[in-house]
Colleague: 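First the structure, which I've put down as structure tokens, then a few questions once you've had a look.
Just so it is clear, the model here is predicted, and its values are computed rather than measured.
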Amino acid sequence: MRKVYRNIAIVTAVFMLVLVAMLGVSYYQMQQVSPLQTEVIETLKELNEGNADNESLQLQIRQLDLISRKAYFVQEGQLKTGIYILLGMALVLIVSLNMYFKESMNLPEKELDPIDEWMTKSRSRKYITWASSIAAVAVLAIVILQNLNFKKSGDVLGGEAEEELLAENAEGDGEASGDVTAADSVQTEETADSVATAEDDGLPIPKITSNAFRGNNSSAMSSAKGIATSWDLKSKKNILWQASVPKHGYNSPVINGRNVFVTGADNAARELYCFDIYTGELKWTVKADKIPGSPSSMPKVNADTGLAASTVATNGQQVCAIFATGDVICADMEGKRLWAKNLGLPDNHYGYASSLLMYGNELIIQYENNSNGKVLALNAANGNQLWSKSVKDKIAWSSPIIATLGGKPALVVMGNPAITAYSLSNGAELWRVECMSGEVGSSPAASNGVVFGASEYAKCIAIDGATGETLWEASDYLPECSSLAATSNLVFCATSYGMVCAYDAKTGAVTKEHDLSTPFYSSPVVADGKVFLFSNSGKAYIFSASDFSLITSFETGEKTFATPAFSDGMMVVRTDKSIYCVKKS
């Protein structure tokens, strides 16, 4: 029997050495590449710069990009699997060696001649050698596991910017304006009239607001009524106005009172815009310039992300914006810039894309990059830091939401590998569920105290918001960029490969699915008893919110990647070329 254990140990050790070598090579290769950087894709992108209207070329770029990223994460999964196999083999080796030497170690004591003594010492040396090898392999596995972000680390804050932030934080520590009281609650929509002022034309100030990405609290729900279900940009049917945005951006519109906010950016400037919701007039522009610590040159970003992918947030008194440079600016409702600061250049291979959120006087930022990730809250009035929570999660492009969990409003953040709930008052962690993987670009949703999250290469999951307990999991359809929307009965999901579906909110079963054969980056929003959704090509789909049956669909004629915003009988849509307002004639 000892020979059997010896042979098992020898074979296991040989396989472990081979596996360690293979894992080391694979890890080194993944350190040298990014899922965004392939020669074919880079060449196609260079060609695309001179052929901006070539849809076939753009489709090829997206397909190759998807293949590249899938290959990257397959290799990542194989590396993780290899590590677990290595640890299992180490366990087998330990057991085999223990059984092999067990008989020798239990022999009764006797006098040994020199040869026997030499043999015993030889066995001891072998035992020590094997134990040392096992320890070395275990240490190697642990090191690889702990450093499996496959990205080069670097400081998020530069020297000058960090000193400025620390100084401002020290000044703001004792300010009463930064306190969050128990009276704070999840934002309601009918708050615009308390802060907006009347216009000279006598038009009413809309009461229903959409203060962040996907609406108030980023909930993907709106109480707006009377939204048109058909319109035409060419004939202007049910189009109140259409305007151009000075600079390009993929962020979504935000509405408060008569103000419609979006941002735009290029290599020359980053800007915050305010349009009138009734006329489409550009009321004012605020520039993100002359900010200490801001980079002198623009970071390299993916064409599908750009420099202005993050949606702004407002509380009706201030409106704040963030750009791919790490620059944050804040203005009042009249367009006066109140403050600006740089959070450090984001270490991000696609470009920073997480949207902002406001809770009373708090400006909440999910700043999860390749290094030094954090979730923080700034004082919206002056930019001073209220709290900051360091996170060890990998880079993510998801945006935070505010949800009522256990009867109290809480912050919910989704990344890789976890969905985490935080206290809004101080950033304390309430619960954490590790369930995500890959490149998390979709944002969570919540309804009736349940949090829902989903991402490609992971799963769709429902979590009890009061306890953090997992209620159900599903993997039928998973989004890449589009975020979930949820009612008390259904969870709506749109994918980048053309499938859309409704999950049962209580069981996770798919209740309805549609193969629409077109990709979706825009997120579904529930309003007026319907689900509004735009495909990348600009085709509008309107579903029943009760059973997800398709009510109507039609082409708008303009590519649409942003998510619409809703107000009193109106819907504001940002396209790749313009911004327009839909209203029944």
Colleague: Working to the nearest 0.5 Å, report the span between OG of Ser483 and CZ of Phe452.
Modeller: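 Those atoms lie 14.5 Å apart.
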Colleague: Taking Thr563 for the side chain and Ser522 for the main chain, is one N or O donor matched with an acceptor at less than 3.5 Å?
Modeller: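 Side chain of Thr563 to backbone of Ser522: no pair is present.
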Colleague: Taking Ala565's backbone N and O only, do any of them form a donor-acceptor pair with Ser210's side chain (distance below 3.5 Å, no angle check)?
Modeller: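 Not confirmed, Ser210 side chain does not pair with Ala565 backbone.
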Colleague: Thr511: which residues meet the side chain to side chain contact (heavy atoms under 4.5 Å, CB included) condition with it, sequence neighbours left out?
Modeller: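 Here the qualifying residues are Leu490, Ala502, Asp504.
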Colleague: Would the number of heavy atoms belonging to other residues, nucleotides or ligands and lying under 6.0 Å from NZ of Lys236 be above 12?
Modeller: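 Result for NZ/Lys236: enclosed.
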Colleague: For Arg574, what residues pass the salt bridge (charged side-chain N to carboxylate O under 4.0 Å, His left out) criterion, not counting sequence neighbours?
Modeller: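 Checked Arg574 against salt bridge (charged side-chain N to carboxylate O under 4.0 Å, His left out); zero matches.
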Colleague: State whether Asp547 and Lys512 are salt-bridged, where the test is any N-O pair (Lys NZ or Arg NE/NH1/NH2 against Asp/Glu carboxylate O) under 4.0 Å.
Modeller: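 Not counted as a salt bridge, because no side-chain N and carboxylate O are separated by less than 4.0 Å.
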Colleague: With respect to Tyr352, which candidate in Phe323, Tyr367, Trp397 satisfies the ring pair (Phe, Tyr, Trp, His ring centres under 6.0 Å) definition?
Modeller: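 In the set Phe323, Tyr367, Trp397, the residue that makes a ring pair (Phe, Tyr, Trp, His ring centres under 6.0 Å) with Tyr352 is Tyr367.
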Colleague: State whether a side-chain donor-acceptor pair under 3.5 Å links Asn216 with Thr209.
Modeller: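 The criterion, which ignores hydrogens and geometry beyond distance, is satisfied for Thr209 and Asn216.
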Colleague: Strictly distance-based, threshold 3.5 Å: is any side-chain N or O of Thr495 a donor or acceptor partner for the main-chain N or O of Gly498?
Modeller: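 Side chain of Thr495 to backbone of Gly498: a pair is present.
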Colleague: With a 3.5 Å distance limit and no angle check, can you tell me whether Ser442 reaches the backbone of Ser482 through a side-chain donor-acceptor pair?
Modeller: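 Yes: the side chain of Ser442 pairs with the backbone of Ser482.
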Colleague: Start with the C-alpha gap between Tyr503 and Tyr477, add the side-chain angles, then the distance that decides, and say whether ring-ring contact (aromatic ring centres under 6.0 Å, His included) holds.
Modeller: CA-CA 9 Å; Tyr503 289 102; Tyr477 302 108; 7.2 Å; no
Colleague: Does any donor atom in the side chain of Asn259 or Lys283 lie under 3.5 Å from an acceptor atom in the other side chain?
Modeller: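 Yes.
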Colleague: Taking the side chain as C-beta and beyond, is there a heavy-atom pair between Ile402 and Leu424 under 4.5 Å?
Modeller: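 In short, these two side chains touch, coming nearer than 4.5 Å.
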Colleague: Regarding Thr518 and Lys539, is there a side-chain donor-to-acceptor distance under 3.5 Å anywhere?
Modeller: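 There is no such pair between these side chains.
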Colleague: Answer whether the closest heavy-atom distance between the side chains of Ile419 and Ile461 falls below 4.5 Å.
Modeller: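 Ile419 vs Ile461: side chains touch.
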Colleague: Do the side chains of Val525 and Phe566 get nearer than 4.5 Å, heavy atoms only?
Modeller: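 In contact.
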Colleague: Kindly give the heavy-atom pair with the smallest separation between Ala396 and Gly415, and that separation in Å.
Modeller: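 The answer is CB-CA, 3.9 Å.
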Colleague: Roughly how far, to the nearest 0.5 Å, is the CD1 atom of Ile322 from the SG atom of Cys330?
Modeller: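 Separation between the atoms: 12.0 Å.
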Colleague: Going from OG on Ser222 to CD1 on Ile227, what distance comes out if it is rounded to the nearest 0.5 angstrom?
Modeller: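 Answer rounded to 0.5 Å: 6.5 Å.
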Colleague: In terms of side-chain heavy atoms, does Asn211 have a donor or acceptor partner in Asn256 at a distance below 3.5 Å?
Modeller: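 Asn211 vs Asn256: donor-acceptor pair found between side chains.
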Colleague: Tell me whether the rings of Trp231 and Phe534 are parallel (<30°), tilted (30 to 60°) or perpendicular (>60°).
Modeller: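 Rings of Trp231 and Phe534: tilted, 30 to 60°.
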Colleague: Taking atom types as modelled and ignoring hydrogens, do the side chains of Thr285 and Glu271 form a donor-acceptor contact shorter than 3.5 angstrom?
Modeller: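 No - no donor-acceptor pair under 3.5 Å links their side chains.
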Colleague: Would a distance-only check, ignoring hydrogens and angles, find a side-chain to backbone donor-acceptor pair under 3.5 Å from Trp339 to Ala380?
Modeller: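 Yes; judged by distance alone, with no hydrogens or angles, the pair exists.
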Colleague: For the pair Lys506 (side chain) and Ser488 (backbone), establish whether a donor and an acceptor sit closer than 3.5 Å, ignoring hydrogens and angles.
Modeller: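 Present.
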Colleague: Do any pairs count as a salt bridge (charged side-chain N to carboxylate O under 4.0 Å, His left out) and have a residue in residues 518-534, sequence neighbours left out, and if so which ones?
Modeller: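 Checked against salt bridge (charged side-chain N to carboxylate O under 4.0 Å, His left out) - neighbours excluded - the pairs reaching residues 518-534 are Asp528-Lys530.
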Colleague: Checking salt bridge (charged side-chain N to carboxylate O under 4.0 Å, His left out) for the pair Arg337/Asp289: CA distance, chi angles, key distance, verdict?
Modeller: CA-CA 11 Å; Arg337 196 170 102 171; Asp289 60 1; 3.2 Å; yes
Colleague: Check whether any side-chain heavy atom of Gln385 lies under 4.5 Å from a side-chain heavy atom of Leu376, and answer yes or no.
Modeller: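 In short, these two side chains touch, coming nearer than 4.5 Å.
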Colleague: Side chain of Asp568, backbone of Lys207: donor and acceptor closer than 3.5 Å?
Modeller: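 Such a contact is found between Asp568 side chain and Lys207 backbone.
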Colleague: Evaluate Leu203 against Arg258 for side-chain contact (heavy atoms from CB on, under 4.5 Å), listing each step before the verdict.
Modeller: CA-CA 9 Å; Leu203 291 171; Arg258 290 187 59 165; 3.8 Å; yes
Colleague: Can you tell me if Asn315 uses its side chain to pair, donor with acceptor, with the backbone of Gln317 under 3.5 Å?
Modeller: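 Side chain of Asn315 to backbone of Gln317, a donor-acceptor pair under 3.5 Å: yes, one is there.
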Colleague: For the pair Glu480 (side chain) and Pro519 (backbone), establish whether a donor and an acceptor sit closer than 3.5 Å, ignoring hydrogens and angles.
Modeller: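 Looks like no, no N/O pair under 3.5 Å.
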Colleague: Atom OH of Tyr359 and atom OG of Ser425: how far apart are they, to the nearest 0.5 Å?
Modeller: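 Nearest 0.5 Å value for the OH-OG distance: 8.5 Å.
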Colleague: Salt bridge or not for Glu558 and Lys577, using N-O below 4.0 Å?
Modeller: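 Salt bridge: no.
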Colleague: Go through the structure and list residues passing ring pair (Phe, Tyr, Trp, His ring centres under 6.0 Å) with Tyr497, not counting sequence neighbours.
Modeller: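 With neighbours one apart ignored, the set is empty.
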Colleague: Classify the side-chain pair Thr487/Asn489 by whether it contains a donor and acceptor separated by less than 3.5 Å.
Modeller: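 Note: Thr487 and Asn489 side chains miss the donor-acceptor criterion.
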Colleague: By ring pair (Phe, Tyr, Trp, His ring centres under 6.0 Å), which residues pair with Phe492, not counting sequence neighbours?
Modeller: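 Once residues adjacent in sequence are excluded, the partners of Phe492 under the ring pair (Phe, Tyr, Trp, His ring centres under 6.0 Å) criterion are Phe548.
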Colleague: Under 3.5 Å, side chain of Trp284 to main-chain N/O of Met333, donor-acceptor pair present?
Modeller: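 Yes.
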Colleague: In sequence, state the C-alpha distance, the side-chain angles, and the governing distance for Asn342 and Asp327, and then conclude on side-chain hydrogen bond (donor to acceptor under 3.5 Å, both in side chains).
Modeller: CA-CA 4 Å; Asn342 182 269; Asp327 292 324; 2.8 Å; yes
Colleague: Holding to ring pair (Phe, Tyr, Trp, His ring centres under 6.0 Å), I want the full list of residues that pass it with Phe520, two or more places apart in sequence or in another chain.
Modeller: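 Partners of Phe520 by the ring pair (Phe, Tyr, Trp, His ring centres under 6.0 Å) criterion, ordered by chain and then number, come out as Tyr541.
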Colleague: With side chains defined as the heavy atoms from C-beta onward, is the minimum distance between Ser537 and Lys559 less than 4.5 Å?
Modeller: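 No, side chains not in contact.
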Colleague: For the atom pair CG (Asn348) and CG (Asn302), what is the distance rounded to the nearest 0.5 Å?
Modeller: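 Spacing of CG (Asn348) from CG (Asn302) equals 10.0 Å.
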Colleague: Could you walk me through whether Val286 and Tyr273 pass the side-chain contact (heavy atoms from CB on, under 4.5 Å) check?
Modeller: CA-CA 7 Å; Val286 174; Tyr273 308 111; over 6 Å; no
Colleague: side-chain contact (heavy atoms from CB on, under 4.5 Å), that's the test. Do Thr325 and Arg270 meet it? Break it down for me.
Modeller: CA-CA 9 Å; Thr325 54; Arg270 285 85 64 209; 3.9 Å; yes
Colleague: At what distance, to the nearest 0.5 angstrom, does OG of Ser553 lie from CD1 of Ile542?
Modeller: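 The distance works out to 9.0 Å.
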Colleague: Does the side-chain contact (heavy atoms from CB on, under 4.5 Å) test come out yes or no for Asn217 and Ile401, once each step is laid out?
Modeller: CA-CA 6 Å; Asn217 309 309; Ile401 68 169; over 6 Å; no
